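Note that the numbering runs from 1 along the sequence shown for the chain. Nothing here was measured: the structure is a model prediction, and the numbers come from that model.
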Amino acid sequence: MGELKQRRSGFKMLCAEFLKMRRTWILWLHIIMPLAGIGVFLLYYRISGWSSWGKISGYVEVVSIVCPSLVGFVCGLAADQEKQAGHFQNLLGDGRSRAVNLTVKLCSLLLWNLTAVLLTIGGFGAGYYLFVEKTAVPGMFYIIVTGMIWISQIFTYCFHLFLGMRFSKGISIGAGIVESLLAALLMTGLGEGIWQWIPCAWAGRFTGMYVKYAAGVDSETWGLAEAQFKTGGIMMGVITVAGILLLYLWFHFYEGKRMED
């Protein structure tokens with residue numbers, strides 16, 4: 001019975017968090033940006049001479065590069081919203097555990113992100129099939145790509161939530177832009193051997209390797225990529241868990257002060 005009450009309480013807290021975001025740019029960014037991106041790419045691909053897999057790969061690459069900037073913006077806005085609503089008192093001093101409050105905030109942002117990624121990738125897949133070319137790309141391909149991009153961003157959300165709360169919205173946004181530029185560089189040969197250690201490169205690298213696999217690259221090429229894929233997956237898991245633990249440890253002692261205070 002107690003466990004059921006806790007679940008209901010957690011669900012109510014999530015609903016309350018969603019209501020707080022309803023009248024902010026946080027909600028609309030997760031809807032407008034994906035729809036705008038899909039529209040632009042589909043219009044371009046209708047007249048482009050690229051191959052089918054080249055178009056899909058290009059779109060996924062751009063999404064992976066843009067994600068850190070959007071995460072920086074969203075987390076900066078979320079932290080700024082909490083500051084304006086009582087200087088973080090909703091997170092620090094409303095009678096509930098700090099860890100619970102932080103979990104609700106982080107989960108709400110990640111759920112919105114999952115919705116946005118599903119719309120971005122799934123919407124593109126549907127639009128590409130209907131308006132550009134009726135390819136034989138299975139729906140599972142888009143689901144796997146969505147999962148890769150979303151999981152790759154969990155650490156990024158933890159990092160930018162810290163930046164937004166401890167420093168400022170501007171720092172979070174600026175860091176996100178830098179990460180996007182770095183992600184683009186690391187998708188080239190400059191990232192070989194080091195991308196596994198750099199979170200902003202995970203989405204682009206993982207999805208890039210998976211697109212090549214789905215497109216049917218030769219076995220020798222995939223054999224080399226598969227080893228990197230496994231190593232990168234292990235490093236992503238370790239760094240993500242460490243990032244979550246460090247965020248909760250820091251937040252336990254956080255007093256609501258920011259650099260600009």
Side-chain angles (χ1 to χ4, degrees), residues 10 13-31 33 64-94 96-117 149-180 182-183 198-203 236-261:
M13 291 168 67
L14 270 177
C15 289
E17 196 66 37
F18 291 147
L19 288 174
K20 285 166 56 179
M21 297 179 184
R22 185 177 56 182
R23 298 183 181 276
T24 69
W25 276 103
I26 296 173
L27 169 61
W28 296 110
L29 277 172
H30 288 88
I31 298 174
M33 291 298 292
S64 299
I65 290 170
V66 170
C67 277
S69 292
L70 293 180
V71 172
F73 198 77
V74 167
C75 288
L77 286 177
D80 208 53
Q81 181 189 38
E82 290 296 337
K83 183 195 175 185
Q84 299 301 326
H87 210 87
F88 298 103
Q89 290 308 304
N90 288 333
L91 290 175
L92 300 176
D94 66 349
R96 294 190 300 264
S97 164
R98 284 188 171 198
V100 171
N101 293 336
L102 180 60
T103 299
V104 171
K105 172 63 72 174
L106 184 59
C107 286
S108 65
L109 292 173
L110 287 173
L111 285 173
W112 276 121
N113 179 254
L114 178 59
T115 302
V117 178
I149 294 176
W150 183 67
I151 293 172
S152 297
Q153 293 182 83
I154 295 176
F155 174 88
T156 307
Y157 266 91
C158 293
F159 178 58
H160 282 276
L161 199 54
F162 161 74
L163 291 179
M165 290 191 292
R166 178 61 184 87
F167 297 100
S168 68
K169 176 175 66 178
I171 295 294
S172 178
I173 294 172
I177 294 172
V178 172
E179 287 173 54
S180 286
L182 185 59
I198 305 176
C200 62
W202 292 340
M236 181 177 70
V238 171
I239 293 174
T240 298
V241 171
I244 294 172
L245 293 176
L246 287 172
L247 175 65
Y248 276 82
L249 179 62
W250 166 80
F251 191 70
H252 179 73
F253 299 99
Y254 182 50
E255 296 179 354
K257 295 180 180 178
R258 300 174 88 181
M259 182 182 68
E260 57 191 28
D261 292 338

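Within the model, atoms CG of Asp80 and NZ of Lys83 stand 7.0 Å from one another, a figure rounded to the nearest 0.5 Å. To the nearest 0.5 Å, the span separating NZ on Lys169 from CZ on Phe73 amounts to 6.5 Å. Note: Asn101 CG to Leu106 CG = 12.5 Å, rounded to the nearest 0.5 Å. One finds the CG atom of Leu163 at 9.0 Å from the SG atom of Cys75 (value rounded to the nearest 0.5 Å). Here the NZ atom belonging to Lys105 is positioned 7.5 Å from the CG atom belonging to Leu161, to the nearest 0.5 angstrom. Interatomic distance, Leu182 CG to Ile65 CD1, rounded to the nearest 0.5 Å: 11.0 Å.
Side-chain N or O atoms of Trp150 include none that pairs as donor or acceptor with a backbone N or O of Ala116 at under 3.5 Å.
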**Message:** Applying side-chain contact (heavy atoms from CB on, under 4.5 Å) to Ile171 and Arg166, what does each step give before you reach the verdict?
**Reply:** CA-CA 10 Å; Ile171 295 294; Arg166 178 61 184 87; over 6 Å; no

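Nearest heavy-atom pair, His30 versus Trp112, reported as atom, atom and distance to 0.1 Å: CD2-O, 3.2 Å.
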When the side chains of residues 151-158 are checked against the rest of the protein, which donor-acceptor pairs come out under 3.5 Å, sequence neighbours left out?
residue	atom	partner	partner atom	Å
Ser152	OG	Met148	O	2.6
Gln153	NE2	Asn113	OD1	3.4
Gln153	NE2	Ile149	O	3.2
Tyr157	OH	Asn113	ND2	3.2

Ignoring hydrogens and angles, write down the donor-acceptor pairs under 3.5 Å from the side chains of residues 240-247, residues two or more places apart or on other chains.
residue	atom	partner	partner atom	Å
Thr240	OG1	Met236	O	2.7

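In this view, Phe251 and Leu91, Leu92, Arg98, Leu102, Met165, Tyr254 satisfy the side-chain contact (heavy atoms from CB on, under 4.5 Å) rule, not counting sequence neighbours. Shown here are the side chain to side chain donor-acceptor pair (under 3.5 Å) partners of Thr115, two or more places apart in sequence or in another chain: there are none. Checked against side chain to side chain donor-acceptor pair (under 3.5 Å), Ser172 has the following partners two or more places apart in sequence or in another chain: His160.
The environment of Phe162 atom CZ is dense: over 12 non-hydrogen atoms of other residues, nucleotides or ligands sit within 6.0 angstrom.
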